[in-house]
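Okay, so here's the structure we're looking at.
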Amino acid sequence: MLSEKYELQQRLKAIELLAYWEGRLVTPKLVSWFGISRQQASKDIKYYLQEHNPDSLVHDPSVKAYIPAAGFRPVLTTGHINEYMGLIAGFHGDSIDATLESNENVVGVQMPDRAVRPEVVREVIKACRAGKSIKIIYASMNNPAWHERVISPHTLVYTGFRWHVRAYCHLRNEFRDFLLSRIERTPQNASAEAPNPLQDKAWNEKISITLIPNEGLSHQQQALVEKDFGMPDGRLQITVRKALAHYTLHRYQAAITAEDASNVKQFPLQLMVSDRHKLNPYLFNASQEGKV
């Protein structure tokens with residue numbers, strides 16, 4: 001009985017998260033994810049509406065889905081984007097940072113959501129799925145004044161610290177990364193034709209990264225780092241999308257430059273020197289506007 005109640009609670013939370021963050025709830029997704037019948041999925045949605053959040057969802061025949069009613073607010077979840085991404089990750093076998101409050105002896109570090117708003121995520125996901133362009137009001141560190149951009153998004157990315165969308169920028173005429181927290185207002189549809197995501201070479205092509213213990217550490221310290229990261233031969237080789245190379249190095253706290261490597265306390269790992277030149281086109285620093 002307890003298991004049945006727990007499974008129902010998980011399905012109800014999934015209903016809420018999908019509606020809140022994607023702006024669309026379809027029964028086939030619940031059927032696929034939870035291995036339930038279409039009838040059970042419909043029953044769960046009705047139960048959610050009757051017992052937890054009355055009048056919060058409206059069935060839209062034009063899209064054959066439930067959509068959030070005006071003023072929709074979550075009641076079973078906190079409204080934190082990591083809950084939604086954690087749900088998605090759980091059904092796709094990927095890992096994600098999250099607090100593990102269900103176990104009093106295990107806890108993770110919760111990263112801030114950086115003011116990522118559901119109405120922004122909904123429109124970005126909708127554009128990704130439809131292969132359409134959207135108009136956004138955006139600001140970056142290099143151009144902090146709010147300004148209009150037209151982008152064609154294809155993938156949401158979690159770097160381990162923040163969320164961005166990989167998209168074609170019609171101003172710069174190239175694929176770039178845009179932080180979700182820096183999108184002001186709700187994105188609007190745009191008429192610009194969206195390029196095929198396959199044209200995003202940095203996204204679709206992969207590259208190997210080789211990490212080694214920081215050479216400035218003592219031999220004993222290097223041995224500890226090798227143990228920490230599972231390096232039986234003193235190195236760790238990772239294959240990543242070229243567009244994610246920089247984020248991956250930051251996630252591993254790996255020094256990229258010789259100057260970085262001089263700070264052994266901050267960077268226990270370093271990029272193999274021979275890889276620096278090869279990776280240079282796919283690395284960026286905080287002064288380069290548009291990368292984020």
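- Taking the side chain as every heavy atom from C-beta outward, H52 and L12 approach each other to under 4.5 Å.
- Applying the 6.0 Å contact sphere to CZ of R185 captures no more than 12 heavy atoms from other residues, nucleotides or ligands.
- In this structure a side-chain-to-backbone donor-acceptor pair under 3.5 Å is present from S133 to A192.
- Put simply, the side chain of N263 gets close to the backbone of Q266: a donor and an acceptor are under 3.5 Å apart.
- Legend: residues meeting side chain to side chain donor-acceptor pair (under 3.5 Å) with Q188, ordered by chain and number and at least two apart, are absent.
- A 4.5 Å side-chain heavy-atom check between T77 and Y20 finds every atom pair outside the cut-off.
- Taking the centre of each ring, H164 and F178 stay at or above the 6.0 Å mark.
- Side-chain contact check for R172 versus R149: some heavy-atom pair is nearer than 4.5 Å.
- Applying the side chain to side chain contact (heavy atoms under 4.5 Å, CB included) rule to E123 yields the partners K126, T186, P187; only residues at least two apart in sequence or on another chain are considered.
- S152 has its side chain out of reach of K132: every pair of non-hydrogen atoms, C-beta onward, lies at least 4.5 Å apart.
- Here CZ of F267 is found 7.0 Å from NE2 of H250. Values are rounded to the nearest 0.5 Å.
- Residues satisfying the side chain to side chain donor-acceptor pair (under 3.5 Å) test with T248, not counting sequence neighbours, are none.
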Quiz: residues 217-229 side-chain donor-acceptor pairs under 3.5 angstrom, not counting sequence neighbours:
{"from": "S218", "atom 1": "OG", "to": "Q221", "atom 2": "N", "distance (Å)": "3.1"}
{"from": "S218", "atom 1": "OG", "to": "Q221", "atom 2": "OE1", "distance (Å)": "3.3"}
{"from": "Q221", "atom 1": "OE1", "to": "S218", "atom 2": "N", "distance (Å)": "2.9"}
{"from": "Q222", "atom 1": "NE2", "to": "N214", "atom 2": "O", "distance (Å)": "3.4"}
{"from": "Q222", "atom 1": "NE2", "to": "L217", "atom 2": "O", "distance (Å)": "3.0"}

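- Considering only heavy atoms from C-beta on, L211 stays 4.5 Å or farther from Q270 through its side chain.
- Contact check for H154 versus F175: side-chain heavy atoms found under the 4.5 Å cut-off.
- Side-chain contact check for M141 versus R182: some heavy-atom pair is nearer than 4.5 Å.
- By the side chain to side chain donor-acceptor pair (under 3.5 Å) test, D260 pairs with T257, sequence neighbours left out.
- Side-chain atoms of D275 come within 3.5 Å of backbone N or O of T210 as a donor-acceptor pair.
- By the neighbour-count criterion of 12 heavy atoms within 6.0 Å, atom CZ of R129 is densely surrounded, having more than that number from other residues, nucleotides or ligands.
- Remark: the T27 side chain and the R38 side chain contain an N/O donor-acceptor pair separated by less than 3.5 Å.
- For the pair Y48 and E16, the minimum side-chain heavy-atom distance is below 4.5 Å.
- Atom NZ in K43 sits 14.5 Å away from atom CG in L30 (nearest 0.5 Å).
- Distance check: Y158 OH to Y247 OH gives 14.0 Å after rounding to the nearest 0.5 Å.
- Between H170 and Y168, the distance separating the two ring centers is shorter than 6.0 angstrom.
- In this structure a side-chain-to-backbone donor-acceptor pair under 3.5 Å is present from N204 to D200.
- Between the side chains of E148 and Y138, not a single donor N or O lies within less than 3.5 Å of an accepting N or O.
- The salt bridge (charged side-chain N to carboxylate O under 4.0 Å, His left out) check on E205 picks up K242, with sequence neighbours excluded.
- Between the side chains of N142 and S140, no donor-acceptor pair is found at a separation under 3.5 Å.
- Under a cutoff of 6.0 Å and an axis angle of 45°, R241 and W203 form a cation-pi pair.
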